[in-house]
Amino acid sequence: MANITVRNMRSFSVFTKFTFCKLYSVTQTTNNPMNILLIGSGGREHALAYGLHASPSTNNLYAFPGNPGMRGITTIVDSLSLNDSATITAFCHHNSIDLVIVGPEAPLVKGLADDVRKNGIAVFGPSAKAARIESSKGFSKDLMKKYGIPTAGYERFTQEQSHEAHAYVNDRALPIVIKADGLAAGKGVIIAETHHEAHEAIDEIFSGLFADAGSSIVIEDFLKGEEASVFAITDGNSAVLLAPAQDHKRAKDGDLGKNTGGMGAYAPAPIVTEAVMQRVQDEIVEPMLKAMREEGYPFVGCLFVGLMIENGRPSVVEFNCRFGDPETQAVLSVFQGDLAKLLNSAAIGALDASAMESRAKGFACNVVMASGGYPDAYETGHTIIGLGKVSEIQNVRVFHAGTKALSDGSIVTAGGRVLGICGLGETLAEAIDNAYNGLIDIHYPHRYYRTDIGKKGLNVTNP
Ligand code: AMP
Ligand code: GLY
């Protein structure tokens with residue numbers, strides 16, 4: 001139902017915009033609704049598709065490779081190759097694509113944004129050089145140190161320096177954090193409670209546990225506090241900060257169990273007060289953008305700032321070069337404004353802050369439904385029932401993350417994180433209730449979810 005309303009609204013606004021542009025001829029071309037290609041297939045991209053579909057600035061929206069949840073709000077394209085950017089640029093030229101939005105980090109790190117941009121097409125997403133802030137933790141730490149951006153103290157070691165790494169941890173306070181330098185699917189971080197664990201972690205990483213990602217390491221002091229994620233939409237010069245969110249990375253309730261890609265998120269997170277947001281803008285985002293400009297690789301896209309906040313003081317745990325997952329599902333569900341216009345303005349180097357009317361209307365809580373066993377081994381191919389019923393519930397959005405459509409029309413599980421059930425509400429408590437009421441009717445064998453997503457945001461009185 002909600003989709004139909006949004007579609008009708010969009011068609012109307014597209015029509016009026018089109019008429020307006022015709023009247024005011026070519027000087028208004030930037031106001032023409034755009035043809036957009038969205039790259040990615042997860043819950044994050046489904047949430048982006050949802051927001052772009054609702055944007056008055058969107059004309060045709062394509063998704064590659066997309067997912068079954070995006071049908072009806074995008075045209076799914078399956079004939080391209082992420083390893084061959086020429087297929088993507090050819091598609092863009094053929095379909096008059098105005099803007100390409102890249103969701104995941106891997107293609108950005110490989111240079112997809114550079115390749116597409118070289119062909120004269122606007123891209124929301126950083127160059128390969130700028131994406132190193134995610135693909136090399138050491139690189140990102142060195143940049144923060146050089147430009148005085150608050151983060152934990154650290155040292156870097158290569159495999160050849162393993163002796164020095166072991167000696168270094170002996171002198172440091174516990175706990176201590178050992179990180180593989182490269183991309184390790186969120187698994188390359190070990191928080192050692194004892195020196196013995198720290199030595200083991202160094203040996204494990206250097207023995208090839210994370211392949212090339214572990215050929216060098218960062219050893220970092222432990223930061224105390226509460227974690228939060230802030231997304232800065234930037235054209236490389238200035239930035240618009242979206243609603244702050246909190247992820248839940250551990251597999252089990254109470255932040256216990258193994259680290260996962262994220263079991264749920266909510267926004268806005270009250271721990272990130274307006275005063276903290278201002279500090280994030282002044283002490284982290286702006287200095288980082290300036291640093292990247294000065295170093296010769298300006299960052300265009302979504303700068304993900306992973307924060308630790310202690311007594312109202314934010315420090316950087318990590319930077320990522322793209323939107324977070326599952327935070328985006330909550331952040332974009334409360335966003336008010338024209339998402340396509342905002343992202344395009346960043347991509348063309350003319351950030352239009354007025355495209356965001358407000359960071360947040362109400363609250364959103366996105367609960368991830370996973371396959372039993374995740375983040376370890378899990379089964380796939382189980383039929384999911386109840387999706388139709390949930391789509392009729394007001395104030396609940398279902399985002400597909402790991403699903404597949406079969407030729408008989410059924411939808412089956414196809415990943416560790418299967419769905420995100422996102423409840424909306426005027427209060428956080430209402431958003432949480434709506435999310436959990438929504439997922440009651442969704443069934444598949446061995447479904448698993450945390451029962452405490454968003455609870456840490458209730459009763460935040462003295463951040
Ligand atoms: P990262 O991949 O760097 O974001 O690290 C994954 C997770 O490890 C973070 O979300 C934190 O929960 C934790 N972590 C990483 N670095 C630190 C640190 N210096 N102090 C405390 N916790 C950390
Ligand atoms: N939710 C954490 C991430 O996207 O890296």
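Everything quoted here is computed from the prediction, not taken from an experiment. One-based numbering, in listed order, for ligands and for the atoms of each. Values reported hereafter were calculated over all heavy atoms of this structure, with side chains retained and with hydrogens, waters and symmetry mates removed. Numbers here are sequence positions counted from 1.
- The aromatic rings of His382 and His446 sit perpendicular to each other, their planes meeting at more than 60°, with 30° as the lower class boundary.
- At a heavy-atom distance under 4.0 Å, only side-chain atoms of Phe304, from C-beta outward, approach ligand 2.
- Of the protein's non-hydrogen atoms, Glu220 OE2, 2.6 Å is the one closest to atom 19 (N) of ligand 1.
- In this structure, of Glu318, Arg322, Glu105, the residue bringing a heavy atom nearest to atom 5 (O) of ligand 2 is Arg322.
- Those atoms of ligand 2 with a heavy atom of Asn320 less than 4.0 angstrom away are 5 (O).
- For ligand 1, the polar-atom distance check finds no N/O of Asn259 at less than 3.5 Å from any of the ligand's N/O atoms.
- When only non-hydrogen protein atoms are considered, atom 4 (O) of ligand 1 lies nearest to Glu318 CD, 2.8 Å.
- Listed for the Arg447 side chain is no donor-acceptor partner under 3.5 Å among the backbone atoms of Met369.
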**Study point:** Candidate pair Phe222 and Arg172, rule side-chain contact (heavy atoms from CB on, under 4.5 Å), full reasoning
**Key:** CA-CA 10 Å; Phe222 181 80; Arg172 305 302 293 179; over 6 Å; no
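- For the side-chain hydrogen bond (donor to acceptor under 3.5 Å, both in side chains) criterion with Gln246, the lone passing option out of Glu327, Glu227, Glu226, Lys456 is Glu226.
- Counting only heavy atoms of the protein, atom 2 (C) of ligand 2 lies nearest to Asp247 OD2, 3.5 Å.
- Glu283 and Arg313 are not joined by a salt bridge, as no carboxylate oxygen comes within less than 4.0 angstrom of a charged side-chain nitrogen.
- Nearest non-hydrogen protein atom to atom 2 (O) of ligand 1 is Lys137 NZ, 3.2 Å.
- The pair Glu295-Lys146 meets the salt-bridge criterion, with a side-chain N (NZ, NE, NH1 or NH2) lying under 4.0 Å from an Asp/Glu carboxylate O.
- Cation-pi contact between Lys145 and Tyr154: present, with separation from the ring centre below 6.0 Å and deviation from the ring axis of at most 45°.
- Atom numbering of ligand 1 starts at 1 in the shown order; those under 4.0 Å from a heavy atom of Asp221 are 18 (C), 19 (N).
- Residue Val189 places no N or O, backbone or side chain, under 3.5 Å from any N or O of ligand 1.
- From the protein, the heavy atom lying nearest to atom 20 (N) of ligand 1 is Leu223 N, 2.8 Å.
- Taking 4.0 Å as the cut-off between side-chain N and carboxylate O, Glu220 and Lys141 count as a salt-bridged pair.
- For the pair Val317 and Leu307, the tightest heavy-atom approach, listed with the atom from each and the gap, is CG2-C, 3.8 Å.
- Residue-ligand proximity, Met308 to ligand 1, at heavy-atom distances under 4.0 Å covers atoms 21 (C), 22 (N).
- Two rings, from His46 and Phe399, have their centers less than 6.0 Å apart.
- For the atom pair CZ (Arg417) and CE (Met263), the distance works out to 8.5 Å, reported to the nearest 0.5 Å.
- Protein heavy atom in closest approach to atom 3 (O) of ligand 1: Lys179 NZ, 3.0 Å.
- In this structure, the ring of Tyr297 has its center less than 6.0 angstrom from the ring center of Phe139.
- Among protein heavy atoms, atom 14 (N) of ligand 1 sits closest to Val317 CG1, 4.0 Å.
- Under 4.0 Å from ligand 2, the heavy atoms of Glu327 that appear belong solely to its side chain.
- In the candidate list Val316, Ile178, Val177, Ile191, Ile191 is nearest to atom 13 (C) of ligand 1, counting heavy atoms.
- Remark: ligand 2 atoms within the under-4.0 Å shell around heavy atoms of Gly324 are 4 (O).
- In terms of protein heavy-atom proximity, atom 10 (O) of ligand 1 is closest to Glu227 OE1, 2.7 Å.
- Contact annotation: for Lys224 versus ligand 1, there are no heavy atoms closer than 4.0 Å.
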